[in-house]
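The chains referred to below are lettered A, B, ... by the order of the sequence lines, with proteins before strands, and numbering in each begins at 1.
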2 protein chains.
Amino acid sequence: MSRAKTTQTPAPRATIRDVASAAKTGKTSVSRYLNGEQHLLSDALKERIERAIALLDYQPSQMARSLKSGETRLIGLIIADITNPYSVEVMRGVEAACRQQGLTLLVCNTNNEFNQEKHYLQLLSSYRVDGIVVNAVGMREDAISSLQQSQLPMVLIDRKVANFSCDVIGLNNAEATTEVTQHLLDQGFEAILFLSEPVTINTRLVRLHTFLKQMQKEPQKFAEQGEVELNDSAGLEKLLLNFTERYPDKRRAVISVNGALTLVIARTMRKIGIVWGKDMGLLGFDDLEWAELAGVGITTLKQPTYDMGYAALGQLVKRIQGSDEPIQEHAFSGELIVRGSTQPI
Amino acid sequence: MSRAKTTQTPAPRATIRDVASAAKTGKTSVSRYLNGEQHLLSDALKERIERAIALLDYQPSQMARSLKSGETRLIGLIIADITNPYSVEVMRGVEAACRQQGLTLLVCNTNNEFNQEKHYLQLLSSYRVDGIVVNAVGMREDAISSLQQSQLPMVLIDRKVANFSCDVIGLNNAEATTEVTQHLLDQGFEAILFLSEPVTINTRLVRLHTFLKQMQKEPQKFAEQGEVELNDSAGLEKLLLNFTERYPDKRRAVISVNGALTLVIARTMRKIGIVWGKDMGLLGFDDLEWAELAGVGITTLKQPTYDMGYAALGQLVKRIQGSDEPIQEHAFSGELIVRGSTQPI
DNA sequence: CTGTTAGCGCTTTCAG
DNA sequence: CTGAAAGCGCTAACAG
């Protein structure tokens, strides 16, 4: 009967030294074995090492390895809100690209909290990841300066950050918003309400501005704008009702600045009995997996999110490899997916 | 004009030694400063160190630190499919718990690929994370044995793995399935089709069995089952049509084994003109944010996913702290959310 | 082909 | 109060 297992400490992990001595050789040879320089080893030795590794269930410590080499082959991804399908698709794109490059992705969700963002930024940096892809909440002076200095390669997704010069991958917001607005106009809508979460983010600002500008081209039509917090459905309700009252005999439509908001708007409309595609037009940025299932369907502006993530990593790798080309701002085109919610009323 | 910046290497990061010499002291004192043993340092020295750190923008290397201490305060989360809202909520729960415990969460998405899962498992282990939460794709012998040995604390979410004894957090599938099935029966449905992705996973198996068992209690009703791949909408179409033909004059309903499948089913039904809540009942495991917006609404069985993630981390921490209590299998209760899709036909 | 040795950046005795 | 020195697990000269 084996009572080998005493209540000792749970057996510390085997180190390269343990393997070496078990294989009756030096650490160097083991290291060589591990690093593909096997052609330098005699078959006999290889055998012994192999056995020793298996026996001890040895796993090299990446910590030690990276400490030595200075390279980690790790990429950090900071995501503002993992709840958002947009972010998830970005992540999948980054991930696929990483895999292809033999990099490993570490994902950090900031939950839209600035402090978390700072925390993770520091963490990743202190673990010496090779680079970071950031879908930022926003950044303040302190975070910026420390990041700017730490020469950590970095690329931003979707959101530009003021005073922070850095590659950015995003949507061509001007183009997309123009298309979206024009579509509504073409469909015969006469009063359009642009709904947004607080316009704190560059992206939203550009969309709003472009919307306003585009609307000016048909001065007889009415442009409105409203700001709501995602959780303030009462406020949203009021906004919608008010909009309806102000343009009782016009053909009305709403533009939602992003997917999360579109969901809330749809819920609210349903609650107060506004039927999209009939009482009011509805169009949202970001495609939604359920867009076709909701009533007559919801028209959306789909972003090539996956590709954007993929491209972001590509750009990052360039920087990691020391590219000195000037700051890039790559803007992807969106795709308007027309569904029932913007049919002529 | 500053031409200070030559094309040299981009200035290696400052190390603790740099700080020490800049502060005209030894590494030890700097280390002490960093680790809150400041009461041991004279004010003058503290000052100098502080200045040096700021000047050099010094950030301690976690790599080196962990190498020394053997502890990382890192938790790994392996997620089978980040695309799944279920997983995202789990993640948020784990994350919240981590934050509260001062742990940092590293997320790895396996994209439902077994190889990725293996890769990440090794990676996390080689980075010496303190523990791992796993929403597994599945595991084979090799992965199991190496994991079993590496005493890495670990807890499984949602899915049990054969031959792998480990804490598991999940839904009370038997209870939930019973409730779900009974609900359909109570609403007067007479033929029920249980639709599932391939039943390779324990969870699905239990749900299916319980469904079948529960149906036996009303022998005059008809229980059917079908298996579909998520991307095989043609197959699904056939299944649905076939089901309809076989029970032309019965009240028919479908149960979907998870949220991802529910989406596909809803799309397919719409495509072939089956209206849920009218032509056929529909009920799915996992609540969906859009469930109320799709037609008359879709009845779902909501899991306390966030809580499950939170609890998983709690259990993991216990293990990390060396708890020897026997393997736990904590099963949460689900909540049936009734919507239009299961109204009596 | 193989092993010895010197660090990577940090913490921690152990002497001042 | 302060610092020199040893060593965490690993890799990479540099000798055999």
Protein proximity profile, nucleotides 7-12 of chain C - base contact B, sugar-phosphate-only contact S, no contact -, cut-off 4.0 Å on heavy atoms: BBBBBB
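For DNA chain D, the span of nucleotides reached by chain B at under 4.0 Å from its heavy atoms goes, 5' to 3', from D:dC1 to D:dG9.
Under the side-chain contact (heavy atoms from CB on, under 4.5 Å) criterion, B:S31 pairs with B:I16, B:N35, not counting sequence neighbours. Partners of B:R17 by side chain to side chain donor-acceptor pair (under 3.5 Å), not counting sequence neighbours: none found. The ring-ring contact (aromatic ring centres under 6.0 Å, His included) check on A:H330 picks up A:F332, with sequence neighbours excluded. A search for side-chain contact (heavy atoms from CB on, under 4.5 Å) contacts involving A:A23 returns A:T25, A:R48, A:I49, A:A52, not counting sequence neighbours. With sequence neighbours excluded, the residues satisfying side-chain contact (heavy atoms from CB on, under 4.5 Å) with A:E329 are A:K160, A:V168. Under the side chain to side chain donor-acceptor pair (under 3.5 Å) criterion, A:S66 pairs with no residue, sequence neighbours left out. When the salt bridge (Lys or Arg N to Asp or Glu O under 4.0 Å) test is applied to A:R99, the partners found at least two apart in sequence or on another chain are B:E113. Taking A:T83 as the reference, A:D81, B:V88, B:E89, B:R92 meet the side-chain contact (heavy atoms from CB on, under 4.5 Å) condition, with sequence neighbours excluded.
Distance alone, capped at 3.5 Å, places no donor-acceptor pair between the B:T305 side chain and the B:Y86 backbone.
The rotation axes computed at either terminus of the helix from C:dC1-D:dG16 to C:dG16-D:dC1 lie 40° apart, taking five pairs at each end and rounding to 10 degrees.
No engagement by B:S66 is indicated, since no non-hydrogen atom pair under 4.0 Å with the nucleic acid exists.
A straight line from CZ of A:R48 to C1' of C:dC1 spans 12 Å, rounded to a whole angstrom.
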Output side-chain donor-acceptor pairs under 3.5 Å for residues 308-321 of chain B, partner residues at least two apart or in another chain, one line each.
{"unit_1": "B:Y310", "atom_1": "OH", "unit_2": "B:Q100", "atom_2": "OE1", "d": "2.1"}
{"unit_1": "B:Q315", "atom_1": "NE2", "unit_2": "B:D167", "atom_2": "OD2", "d": "3.0"}
{"unit_1": "B:Q315", "atom_1": "NE2", "unit_2": "B:E325", "atom_2": "OE2", "d": "3.4"}
{"unit_1": "B:R319", "atom_1": "NE", "unit_2": "B:D167", "atom_2": "OD2", "d": "2.6"}
{"unit_1": "B:R319", "atom_1": "NH1", "unit_2": "B:S323", "atom_2": "O", "d": "3.2"}
{"unit_1": "B:R319", "atom_1": "NH1", "unit_2": "B:E325", "atom_2": "O", "d": "2.7"}
{"unit_1": "B:R319", "atom_1": "NH2", "unit_2": "B:D167", "atom_2": "OD1", "d": "2.9"}
{"unit_1": "B:R319", "atom_1": "NH2", "unit_2": "B:D167", "atom_2": "OD2", "d": "3.4"}
{"unit_1": "B:R319", "atom_1": "NH2", "unit_2": "B:E325", "atom_2": "O", "d": "2.9"}
{"unit_1": "B:R319", "atom_1": "NH2", "unit_2": "B:P326", "atom_2": "O", "d": "3.2"}

